[in-house]
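Accompanying notes for the structure given below.
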Amino acid sequence: MWSTDSPFGPHNLPYGVFRHGGRPPRIGVRIGDSVLDLDGAEAADLILAGGALRRPVLNEFLALGRPQWTAVRHRIAELVTREEHRAEIEPLLVPLAEVELLLPFAVGDYVDFYSSEHHAMNVGRIFRPERPALPPNWKHLPIGYHGRAGTVVVSGTPVVRPSGQRSTPEGPVFGPSIRLDIEAEVGFVVGVPSNHGEPVPPSRFAEHVFGVVLVNDWSARDIQAWEYQPLGPFLGKSFATSVSPWVVPLEALAGAWVPAPHQDPPVLDYLRDDPHVGLDLRLAVDWNGTRISEPPFASMYWTPAQQLAHLTVNGASLRTGDLFASGTVSGPEKRQTGSLLELTLGGAEPVRLAGGAERTFLEDGDTITISATAPGLGGTVVDLGEVTGTVKPAVTIASLSV
Ligand SMILES: O=C(O)/C=C/C(=O)CC(=O)CC(=O)O
Ligand SMILES: [Ca+2]
Ligand SMILES: [Mg+2]
């Protein structure tokens, strides 16, 4: 049976969807280096969830709401910690190494925020050197945009280098991006929908949000810089957004809430959260195996509850499976930035990787892995797993049948 010594012990219990032995996708929960087959557990009446665990995605389970999430979590914890259940669950355990992990939920709407003050300052200086680094609205509302849910992919999915327009002194040219970048982010997964027309205040965050994934918001900086004004990110970010395969329930992060940075000027009433707290998630970014950055999520200026309140304040409704990402996580130090744009100062200062290779932006064949841990209750550690992706060469127009 498992103990909390493992960062994937019974205090974590993240949910995912896996394929094993040629069978259709099933919902499972990670425990240690195994996956507990929850489809099998519900079929055997070891867990009662009204059939929601016998589906190929988490959505029906996500829609059940917090009382049911808690009940199922307690039951799973019992099953994996009590000796009396060993014989029942042993046939339902699959080695992690033998499974393929799939996108765990059907993504509804996808929103990406811009909530790290350090990131916004850094990018502002690089993209708009002639203007104040922070736009005038930045400290009054969590800036965001609606992204492309259909290109959210699970960790491990190859990322094909996008082609598009970029600006040159001779005018715009078309071709594969030459400034392909990453953005290390944290994504929040909505379970319980809201009514169209009714804002969701910060106090109701935990009623609606089920849990957390890690996000890499791949970004083509050259395409982005040319296209984004005045409407915001479009093709420079819509080609792929990778998420980690394990959705870590908010309950597993109960020991990770910390006071969020003080907000000055004070925010408008609808954005006031009490307590004003963020999550102490410690991210790490590896480039071809070299650790290049350790972004601290606790430094985010806008909290997830404020982001949720803002994105619904106009009456926009939430749907099960909606994903809202925090925005790039960058701390105050250079080795804490969540994008290569920042780490290389806009491509001016290369990063040296193990083996001596120098990089500014991503080359074909490069692999980026974002991982994270959080403090758990009682001195434990909660592992959020990782989101990884390898860059594949651009598909050239000539190779397509037009
Ligand atoms: O400042 C800009 O024009 C652009 C900023 C970004 O690209 C960042 C973005 O996608 C939002 C974020 O991840 O923080
Ligand atoms: Ca982003
Ligand atoms: Mg994206």
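Since we're looking at a predicted model, the values are computed, not measured. Counting convention: from 1, in listed order, for ligands and their atoms alike.
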I need the atoms of ligand 1 closer than 4.0 Å to a non-hydrogen atom of [X], numbered in the order shown.
| X | result |
| --- | --- |
| R221 | 7 (O) |
| F113 | 11 (C), 12 (C), 13 (O), 14 (O) |
| D217 | 10 (O) |
| E185 | 13 (O) |
| D112 | 10 (O), 11 (C), 13 (O) |
| Q224 | 4 (C), 5 (C), 6 (C), 7 (O) |
| K237 | 6 (C), 7 (O), 8 (C), 9 (C), 10 (O) |
| R128 | 1 (O), 2 (C), 3 (O) |

Using only heavy-atom distances, determine whether the side chains of [X] and [Y] contain a donor-acceptor pair under 3.5 Å.
| X | Y | answer |
| --- | --- | --- |
| S330 | T337 | no |
| D222 | S177 | yes |
| E78 | H85 | no |

Run the side-chain hydrogen bond (donor to acceptor under 3.5 Å, both in side chains) test on H140 and N137 for me, step by step, so that the C-alpha distance in whole Å, both residues' side-chain angles and the decisive distance to 0.1 Å come before the verdict.
CA-CA 5 Å; H140 295 281; N137 57 357; over 6 Å; no
Kindly assign one of parallel, tilted or perpendicular to the pair F188 and F324, based on the angle between their ring planes and the thresholds 30° and 60°.
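Parallel.
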I'd like a table of donor-acceptor pairs (distance under 3.5 Å, sequence neighbours excluded) in which one partner is a side-chain atom from residues 249-260, with atom names and distances.
| from | atom 1 | to | atom 2 | distance (Å) |
| --- | --- | --- | --- | --- |
| E251 | OE2 | T70 | OG1 | 2.7 |

At a cut-off of 3.0 Å, what protein N/O/S atoms sit near the Ca ion (ligand 2)?
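Under 3.0 Å from the Ca ion (ligand 2) - ignoring waters, which are not counted - the protein N, O or S atoms are D112 OD2, E183 OE1, E185 OE2, D217 OD2.
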If hydrogens are left out, which of T328, V123, V329, L134 has an atom nearest to atom 13 (O) of ligand 1, that is, the closest non-hydrogen atom?
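The nearest heavy atom belongs to T328.
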Is Y228 touching ligand 1 with its side chain, its backbone, both, or neither, if touching means heavy atoms under 4.0 Å apart?
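Answer for Y228: side chain.
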Side chain, backbone, both or neither: which part of Y114 has a heavy atom under 4.0 Å from ligand 1?
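It is both parts that get close, each with some atom under 4.0 Å.
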Derivation and outcome, salt bridge (Lys or Arg N to Asp or Glu O under 4.0 Å), residues E227 and K237
CA-CA 11 Å; E227 75 176 357; K237 288 172 182 280; over 6 Å; no
Only one of D109, V209, V200, N195 passes side-chain contact (heavy atoms from CB on, under 4.5 Å) with L318; say which it is.
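Output: one option passes, namely V200.
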I need the single residue from D181, L362, T151 that forms a side-chain contact (heavy atoms from CB on, under 4.5 Å) with W218. Which is it?
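Going through D181, L362, T151 one by one, the side-chain contact (heavy atoms from CB on, under 4.5 Å) with W218 is satisfied by L362 alone.
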Ring pair (Phe, Tyr, Trp, His ring centres under 6.0 Å) partner of Y15, the single match among W246, W69, F210
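So the option named by the test is F210.
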So does F234 have more than 12 non-hydrogen atoms from other groups sitting under 6.0 Å from CZ?
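For F234, atom CZ is not crowded (no more than 12 foreign heavy atoms under 6.0 Å).
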